[in-house]
Amino acid sequence: MHNLVITYTDHVATLTMNNRENRHNPLFAKEMLSALDTIKSNEDCKALVITSNDEKCFSLGIDTDWLMPAMKAARTEEIKQFMYDMDEVFKTLLLYPLPVIAAINGHAFGNGAILACACDFRFMRADKGFFCFPEVDLSIPFLPGMIEFVKKAMPYYRFNEMKLSGRRVSGKELEDDHVVEKAYDSQASLIEGAVNYAKTFDKKRGIFAEHKKRLHKHIIHTINIENKPMIEALTLMV
């Protein structure tokens with residue numbers, strides 16, 4: 001895998017995105033699904049931390065350098081397959097049989113912020129990086145499934161404000177709203193804190209997966225049923 005690196009600390013897997021801004025494109029989606037499958041196949045693994053090694057960015061969302069030329073060239077099947085693959089990434093995280101913890105080390109914008117919301121828990125830096133949904137300024141609507149699982153990650157009033165304003169929100173603000181468990185003052189303390197939190201988990205995979213399946217049943221239904229017609233119509237821009 002070119003864009004992702006898997007390491008282990010005791011029984012905790014860390015999945016590190018290492019492609020600078022960590023933009024989402026067809027290769028990213030396929031590599032993420034492969035990495036999640038690889039980690040799940042390790043029976044000794046008890047929890048997963050997802051982070052980035054970039055100094056500024058966790059993930060800046062969809063790779064517009066890929067998307068815009070693909071749209072201009074009318075590569076519709078490629079775009080639709082990417083959207084289905086990203087839905088599969090989100091569903092995999094929502095139903096993953098291990099705790100998934102996002103260690104947000106820098107900017108998390110758009111689909112990058114949405115990726116963090118699909119995780120079970122979030123930690124963030126207080127000194128660097130913002131969490132932002134800029135879609136309102138880019139004329140890009142959320143898919144229905146995205147709205148549902150972002151709502152599970154943050155209070156509705158905060159999501160409402162962020163979604164309609166496009167405002168960049170700090171780790172400290174999100175800590176106060178309990179969107180992130182804790183905001184740390186450095187990269188080292190963030191990773192240490194996230195991994196140490198991951199180490200507190202030792203749950204049986206069967207019951208953990210069943211809890212998440214029942215908890216997120218309505219979200220999975222929305223992704224499966226309501227996203228599809230919008231993807232097929234390629235309702236990407238307004």
Side-chain angles (χ1 to χ4, degrees), residues 1-6 14-39 48-73 75-96 100-119 122 124 129-150 153 162-163 166 168 219 223 227-228 230-232 234-237:
M1 289 179 288
H2 299 90
N3 300 314
L4 302 167
V5 174
I6 301 169
T14 298
L15 180 57
T16 303
M17 300 179 285
N18 67 349
N19 191 18
R20 299 182 299 279
E21 294 182 348
N22 300 309
R23 297 274 187 170
H24 301 181
N25 54 36
L27 179 61
F28 176 90
K30 293 184 185 308
E31 288 195 348
M32 181 63 76
L33 288 169
S34 176
L36 292 172
D37 190 57
T38 296
I39 292 164
L48 166 62
V49 173
I50 298 178
T51 192
S52 161
N53 66 358
D54 190 77
E55 292 183 2
K56 296 180 179 179
C57 301
F58 173 76
S59 173
L60 294 191
I62 291 179
D63 182 358
T64 52
D65 288 343
W66 160 76
L67 179 61
M68 294 310 175
M71 290 178 66
K72 187 174 182 179
R75 301 202 307 264
T76 55
E77 293 306 313
E78 179 184 344
I79 297 169
K80 286 194 285 187
Q81 188 58 55
F82 162 71
M83 295 174 74
Y84 283 124
D85 286 348
M86 282 307 303
D87 268 359
E88 199 62 35
V89 169
F90 297 141
K91 288 193 292 184
T92 299
L93 291 171
L94 287 165
L95 299 176
Y96 210 59
V100 183
I101 296 125
I104 306 164
N105 57 294
H107 296 315
F109 288 178
N111 236 45
I114 290 167
L115 178 70
C117 288
C119 299
R122 284 150 296 282
M124 194 169 172
F130 291 101
F131 205 89
C132 177
F133 301 117
E135 285 83 354
V136 70
D137 295 315
L138 302 174
S139 297
I140 299 174
F142 278 49
L143 288 172
M146 293 175 176
I147 292 172
E148 290 304 313
F149 67 75
V150 175
M162 290 181 66
K163 188 175 187 295
R168 298 181 178 192
I219 302 175
I223 292 172
N227 281 12
K228 184 175 181 178
M230 293 190 177
I231 292 173
E232 287 300 316
L234 273 187
T235 314
L236 293 177
M237 308 289 286

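Note that this is a predicted model, so its numbers are computed, not measured.
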Problem set entry | Side-chain donor or acceptor of Asp63 paired with backbone N/O of Asn25 under 3.5 Å | no

Residues at least two apart in sequence or cross-chain that pass side-chain contact (heavy atoms from CB on, under 4.5 Å) with Thr92, listed by chain then number, are Leu33, Leu36, Glu88, Tyr96

- Would you say the side-chain atoms of Thr38 pair up with the backbone N or O of Ser34, donor to acceptor, closer than 3.5 Å? yes

Sorted by chain and residue number, the salt bridge (Lys or Arg N to Asp or Glu O under 4.0 Å) partners of Arg168 (sequence neighbours excluded) come out as none

Original post:
Can you find a pair of side-chain heavy atoms, one from Ile101 and one from Cys119, that are under 4.5 Å apart?
Top reply: no

The ring pair (Phe, Tyr, Trp, His ring centres under 6.0 Å) partners of Phe58 (sequence neighbours excluded) come to none

Rounded to the nearest 0.5 Å, the NZ atom of Lys91 sits from the OH atom of Tyr84 at a distance of 10.0 Å

Value for CD (Glu21) from CG (Asp65), rounded to nearest 0.5 Å, stands at 8.5 Å

Value for CG (Leu60) from SG (Cys132), rounded to nearest 0.5 Å, stands at 10.0 Å

Checklist entry - side chain to side chain contact (heavy atoms under 4.5 Å, CB included) between Phe133 and Ile140: does it pass, once the steps are laid out? => result CA-CA 10 Å; Phe133 301 117; Ile140 299 174; over 6 Å; no

How far apart are the C-alpha atoms of Asp54 and His107, what are their side-chain angles, what is the distance that settles it, and do they pass the side chain to side chain contact (heavy atoms under 4.5 Å, CB included) test? CA-CA 10 Å; Asp54 190 77; His107 296 315; over 6 Å; no

Mind telling me whether Trp66 and Phe82 have parallel, tilted or perpendicular rings, with 30° and 60° as the class edges?
perpendicular

So CE of Met83 and CD1 of Ile62: to nearest 0.5 Å the spacing works out to 7.0 Å

Check: Can you list the steps and then say if Val89 with Leu115 is a side chain to side chain contact (heavy atoms under 4.5 Å, CB included)?
Finding: CA-CA 9 Å; Val89 169; Leu115 178 70; 4.1 Å; yes

- Please confirm whether the backbone N or O of Ile104 pairs with a side-chain atom of Arg122, one donor and one acceptor, at under 3.5 Å? no

For residues 133-149, the salt bridge (Lys or Arg N to Asp or Glu O under 4.0 Å) pairs (sequence neighbours left out) are Glu148-Lys151

SG (Cys117) and CG (Leu93) are apart, to the nearest 0.5 Å, by 11.5 Å

Are Met17 and Asn53 side-chain neighbours, meaning at least one heavy-atom pair lies under 4.5 Å? no

By salt bridge (Lys or Arg N to Asp or Glu O under 4.0 Å), Lys228 pairs with (sequence neighbours left out) none

Hits for salt bridge (Lys or Arg N to Asp or Glu O under 4.0 Å) against Glu55, two or more places apart or cross-chain, chain-then-number order -> none

Minimal heavy-atom distance between Asn22 and Ser52, with the atoms involved, is ND2-OG, 2.9 Å

Do Asp87 and Ile231 come within less than 4.5 Å of each other through their side chains, counting heavy atoms only? yes

Do Pro26 and Gln81 have side chains that get closer than 4.5 Å, going by heavy atoms? no

Which word best sums up how the rings of Phe28 and His24 line up, parallel for under 30°, tilted for 30 to 60°, or perpendicular for over 60°? parallel

- [ ] State whether the side chain of Thr14 and the backbone N or O of Val49 hold a donor-acceptor pair below 3.5 Å, judged by distance alone.
- [x] no

- prompt: Hey, are the side chains of Ile79 and Leu67 touching, using non-hydrogen atoms and a 4.5 Å cut-off?
  reply: yes

**Study point:** Evaluation steps, side chain to side chain contact (heavy atoms under 4.5 Å, CB included), between Asn111 and Met146
**Key:** CA-CA 9 Å; Asn111 236 45; Met146 293 175 176; 3.5 Å; yes

dist Phe130:CZ -> Lys56:NZ (nearest 0.5 Å) comes out at 13.0 Å

